[in-house]
Each structure stands twice: as C-alpha cells, then as structure tokens.
Number of protein chains: 2
Amino acid sequence: MPGSANHVFKALADPTRRAIFERLTRGELTVHALTERSGVSQPMVSKHLSALKRARLVRNRRKGRETHYQARPEALAPLVEWMSDYGAFWQNRLDKLGELLERMEK
Amino acid sequence: MPGSANHVFKALADPTRRAIFERLTRGELTVHALTERSGVSQPMVSKHLSALKRARLVRNRRKGRETHYQARPEALAPLVEWMSDYGAFWQNRLDKLGELLERMEK
DNA sequence: ACAAACCATAACCGTATGGTTATGGTTCAT
DNA sequence: ATGAACCATAACCATACGGTTATGGTTTGT
C-alpha cells in the first residue's frame with residue numbers, strides 16, 4: 001500500500017526529491033517550471049514526481065499539455081505517527097499533532 | 001556534517017535499519033542481541049549500526065567484547081525541524097516541539 | 001495543417017547500497 | 001594457554017537507483 005511510512009521515508013531520502021517537494025509546498029508548479037533550477041533533466045523530474053506521488057506527497061492535475069503538481073503536506077502524517085511511536089520523548093505533543101492531521105484528512 | 005536531516009532521512013529510509021532503531025528505543029542492546037530476529041547477518045547489523053551512528057541516531061558503549069547500542073531519539077530533531085519548515089500545516093505546534101528538543105539536548 | 005511546447009516513458013549507464021561469507025582482533029572462560 | 005564468543009572490516013555480488021539521451025503522444029499556437 002502506497003503512502004505508508006516506508007514510501008514516505010524513501011521518497012524524502014533523496015535531496016533532489018526533497019527539494020522538489022519543498023518548492024511545491026510554496027505553491028502549485030508545472031513540470032516545466034520545476035525543471036528549471038532543479039539541476040536535473042525534465043525526465044528525471046518526472047521520475048522524482050512519480051516517487052513523490054507513490055508516497056502521496058504530491059497530487060497532479062493535468063491542464064492541457066501541462067501537468068500541475070502540488071504538495072500534500074498531510075502525507076507527512078505517517079512520519080509523525082512513526083515518531084510518536086519511537087521518538088518517545090515528545091509523545092504527548094505528537095499525539096495532538098496526530099489528531100490535527102486526522103481532522104485535516106477530512 | 002553528520003547528524004543532518006539528510007543523514008537522518010537516509011538512515012531511516014531502510015526498513016531493516018528502522019527496525020533496529022525501533023528495537024533500540026525500547027532499551028540498550030548488544031550487536032549479538034540485535035542480530036537475533038533482525039533477519040540479516042551480524043556483519044550487516046554492524047553496517048546498519050554504522051549508518052545509524054553517522055546520523056547520530058544511536059550511541060555505542062563498548063564493554064569488554066560486546067558493544068552496547070542505544071537509541072538517541074533526540075537525533076530526530078532535524079526531521080521535526082524540516083517538517084516545521086515544509087509541513088506548513090502544523091507549524092505552530094512543531095515550533096513548540098523544537099523548543100522542547102533544544103532543552104533536551106542540554 | 002504544421003511545428004513547437006509539454007510531459008511521460010523507454011533504453012541505457014555507472015555507482016551506491018543491501019546483502020553475503022571470510023577473516024582477524026579483543027576479550028572471556030576454562 | 002587455548003578455544004570460543006563477540007564484533008568490525010574486507011572482499012565480493014546482485015540489484016536498486018539517480019542520472020542521461022532519445023522518442024512518442026497530446027495539446028497549443030499560427
């Protein structure tokens with residue numbers, strides 16, 4: 001099942017992919033726009049977007065010949081959940097986060 | 001610089017490595033003990049522990065011929081910090097977490 | 001209708017990485 | 001003193017993965 005903690009961790013493990021996600025948190029962008037300043041080729045950007053999509057970290061909306069991508073920060077929830085399980089120290093605070101996230105998922 | 005968000009993300013991207021970290025959060029264990037139920041060979045466990053150590057996610061203490069490892073959940077701080085930067089939704093709550101973590105680092 | 005723009009996929013390449021077995025260095029027990 | 005237990009490192013292997021260029025399918029502009 002995609003969108004699991006495993007996929008999310010793997011998706012965010014790569015710096016280039018993380019950078020793409022970071023840019024998308026500041027607003028929707030097309031593949032073309034993302035390719036500029038990404039440091040890699042357009043096909044590579046598409047590949048990275050696929051990985052992010054498997055992890056449900058991004059959504060895409062096709063509009064004519066261009067595909068607009070946007071971040072889904074709620075997809076970070078599995079990470080928060082994992083941390084609340086194994087990052088014992090701040091458990092109480094993270095529990096609240098978990099609730100917040102559930103409400104956000106609608 | 002080790003212990004960065006990059007190292008932490010990379011270290012946690014592998015399921016086996018994550019499982020080792022998870023077991024260590026429940027208490028200190030030797031390499032020998034970790035090898036049992038890990039599903040991989042002892043040398044591999046040592047390698048994974050090295051990766052976790054680079055990310056500062058574990059500490060080790062040598063006692064005679066055995067090496068005792070323990071988790072350092074505070075090392076998850078870079079993840080929290082990153083999420084507070086790019087997981088925009090729960091920013092306020094994570095800020096508090098950040099403070100908490102700084103205090104914990106002593 | 002044609003050419004160009006946009007994106008995804010295919011084919012390919014080199015390296016990083018997870019895994020193994022073999023080995024060697026300490027330390028403990030006898 | 002010797003053998004066994006514990007761990008780390010070396011040597012090696014297969015595969016996963018990040019990267020490229022080439023290609024083809026839609027859509028847009030003229």
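Chain letters run A, B, ... following the sequence lines, proteins first, then strands; residues in each count from 1. For the numbers below, each heavy atom of this structure counts, side chains included, while hydrogens, waters and symmetry mates do not.
- Just one residue in the list B:Lys53, B:His68, B:Gln70 forms a side chain to side chain donor-acceptor pair (under 3.5 Å) with B:Asn60, and that residue is B:Lys53.
- Contact between the side-chain N/O atoms of B:His48 and the OP1/OP2 oxygens of C:dG19 is found at a separation under 4.0 Å.
- Look at NZ on B:Lys53: it is 11 Å from C1' on D:dA8, rounded to the nearest Å.
- Atom CZ of B:Arg23 sits in a crowded spot, with more than 12 heavy atoms from other residues, nucleotides or ligands closer than 6.0 Å.
- In this structure the side chain of A:Asn6 reaches within 4.5 angstrom of the side chain of B:Pro15, judged on heavy atoms.
- Taking atom CZ on B:Arg54 and atom P on D:dA8, their separation rounds to 14 Å, with Å as the unit.
- If you measure from atom CZ of B:Arg61 to atom C1' of D:dC7, you get 15 Å, rounded to the nearest angstrom.
- Here the side chains of A:Leu49 and A:Leu34 are in contact, with some heavy-atom distance below 4.5 Å.
- The closest side-chain heavy-atom distance from A:Glu66 to A:Val31 is not below 4.5 Å.
- The interatomic distance linking B:Arg65 (CZ) with C:dG24 (C1') rounds to 16 Å, in whole Å.
- A:Met44 has its CE atom 14 Å from the C1' atom of C:dG14, to the nearest Å.
- Side-chain N or O atoms of B:Arg17 include one that pairs as donor or acceptor with a backbone N or O of B:Ala11 at under 3.5 Å.
- In this structure, OH of A:Tyr69 is placed 9 Å from P of C:dC7, rounded to the nearest angstrom.
- Rounded to whole Å, the distance from CD on B:Glu66 to P on D:dC6 is 7 Å.
- Of the residues in residues 29-43 of chain A, those with a non-hydrogen atom less than 4.0 angstrom from any atom of DNA chain C are A:Thr30, A:Val31, A:His32, A:Gln42, A:Pro43.
- Regarding B:Leu52, its CG atom lies at a distance of 16 Å from the P atom of D:dC7, rounded to whole Å.
- The base of C:dG18 lies outside donor-acceptor range of the side chain of B:Lys47, with no N or O pair under 3.5 Å.
- Both B:Leu49 and A:Thr16 lie close to DNA chain D; mapped to their nearest nucleotides by heavy-atom distance, the more 5′-ward contact belongs to B:Leu49.
- Remark: the A:His32 side chain and the A:Thr35 side chain contain no N/O donor-acceptor pair separated by less than 3.5 Å.
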